[in-house]
Amino acid sequence: MPVVQRVPSVAGEAEVGIVHLGLGAFHRAHQAVYLQRNHNRHGQGHWGLCSANLRSNRALVEQLREQQGRYAVAEYQDREQVTLRDITVLREALFVGDGGHELEELLQRMANPQTRIVTLTVTEKGYCLNPATGQLRLDDPAIVHDLATPGTPRSAPGIVLEALRRRRMAGIPAFTVLCCDNMPDNGQRTRQAVSGLAAAQDSELAQWVEQQVAFPGCMVDRIVPAMDAQAFARLEQQLDCHDRAAVVCERFSQWVIEDHFPQGRPDWEVEGVQMVADVRPFETMKLRLLNGSHSLLAYIGLLAGHESVYEAISDPDLLAFIRRYMNQEAAPTLDMPAGIDVAGYARDLCTRFANDSLQHRLRQIAMDGSQKLPQRWLQGAGQLLDAGRSIDCIALGVAAWIHTCTQPLAGSAMHVVDDPLSATFADLAGRFDGAQLVDAFLDLEQVFAAQLSTQAAFRDAVQGAYVALQRTGMSQHLKNLAAHT
Ligand code: CS2
């Protein structure tokens, strides 16, 4: 049984000053924990949260309401040490999936002058951007809807824009928009989504957004697996915690934020948040080393018969492969933030992945690959090719991704991947196979930027990896690779 350190909350209530879109496990275990620590320190304040789910998980919102927004976060250092935190800064929980009065409540809360910051974790696809170019997709069904009926928006950019429009009409200064999703240059991308929608709707509003709204970028990091029945059972057995809104995560946590909050912000720095002028070096480091490795572990690990990150990284051949990727294909593309040593960062990541108290499912990470691959692997692959370096690990990742998107895995009746492009994948898989199938995937413009997909060296590397994978199977292929390095 682990040793449990309990961290209670202080009694005072925090007034709502931040509205958050995307009330998932990550938000509850990352941002809410920083705000709770800050609240515990000051004992009162105006940085409480109103958090909303836009599409999925109404049940969680109802559960949280039953608990008056109170829930527990279990931070596992390892099997032996856990910190159990009590969270009370979540003052309001909303589900706006069906539109109606909760959407209106959310918009009013966002338009309220007390709301100074709007944060988002709506996943990469929630911004309705083309992942390869970062441009708003005006043909995205949610955007088409929001252009037709801006007063009752469905998309995250649509909701942010409608709230800003109301503030402008009422003469209330704009809130600051802080994207907390794993995208490159995430502040700038969020600006592109909101400004792109504004430009298609109302040029005066677009100009106001351009001039008045701050979109600082930030890098967020904490491994927070989705909760499942097994995780709840473990909390009950090990910690006597019966909270149906609880979250399990690792002890490690990092947040690096660009310090541009014209309407004020919590004094986050006292909780260890790094406030910086330019977050991009941190972002790229994390996207390519952590998330890039995660996605390799996901597609390659699933094909090698593993289920969780812990299992995959415990496979010595896969561990050797990940180390090789980090050292030879991620590190050379990075302009590391001052004071961070790439070898040490990479070593620490392998230790974090090996935390066996977290059941981090590879299938969860494998989701939405079309949205994740550009920033995790492909931008780096372009740089490697320009420098005349090899892209073997990334090419095997792409081949494994194509395979997982088109072949049901053993023991599963369905394709494992949930992806906004899954209908396209099924269509391609029905029409092509072998080298033609690979070519058809590499032609997907939303994923592969033309500068990369037109390079013969890139296509040849992926085709070669796909053939090897089909011929020998993933486990044997990894063994062969390990024997040759
Ligand atoms: C993961 C991330 O699901 C995924 O794609 O790579 O959620 C990862 O766990 C976090 O970014 C860690 O900070």
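As the structure is a computational prediction, the values presented were derived from the model and not from experiment. Order of appearance sets the numbers: ligands from 1, and atoms from 1 within every ligand.
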In sequence, state the C-alpha distance, the side-chain angles, and the governing distance for Thr176 and His260, and then conclude on side-chain hydrogen bond (donor to acceptor under 3.5 Å, both in side chains). CA-CA 8 Å; Thr176 299; His260 185 37; over 6 Å; no

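Distance from atom 9 (O) of ligand 1 to its nearest protein heavy atom, with residue and atom name: His294 CE1, 3.2 Å. Here the heavy atom of the protein found nearest to atom 2 (C) of ligand 1 is Asn291 ND2, 3.6 Å. Of the protein's non-hydrogen atoms, the one nearest atom 13 (O) of ligand 1 is Asp221 OD1, 2.6 Å.
A donor and an acceptor atom, one from each side chain of Gln31 and Thr119, are located under 3.5 Å apart. Side chains of Asn130 and Gln135: a donor-acceptor N/O pair is absent below 3.5 angstrom, by distance only. Glu75 and Gln81 are not linked by any side-chain donor-acceptor pair at a separation below 3.5 angstrom, with hydrogens and angles left out of the test. Side-chain contact, Tyr310 with Asn355: no donor N or O sits under 3.5 Å from an acceptor N or O. The closest side-chain donor-acceptor pair between Ser253 and Tyr34 falls under 3.5 angstrom.
The contact set between ligand 1 and Lys372, taken as ligand atoms under 4.0 Å from a residue heavy atom, comprises 3 (O), 4 (C), 5 (O). Below 4.0 Å from some heavy atom of His360 lie the following atoms of ligand 1, by number and element: 9 (O). Residue Asn182 approaches ligand 1 through these ligand atoms, each under 4.0 Å from one of its heavy atoms: 11 (O). Listed by atom number, the atoms of ligand 1 under 4.0 Å from Lys286 heavy atoms are 10 (C), 11 (O), 12 (C), 13 (O).
Seen from the ring of Phe252, Arg222 does not count as a face-on cation partner, given the 6.0 Å and 45° thresholds.
In terms of polar-atom proximity, Arg352 is not counted as a contact of ligand 1, lacking any N or O under 3.5 Å from an N or O of the ligand.
Here Glu124 has no heavy atoms under 4.0 Å from ligand 1, in either its backbone or its side chain.
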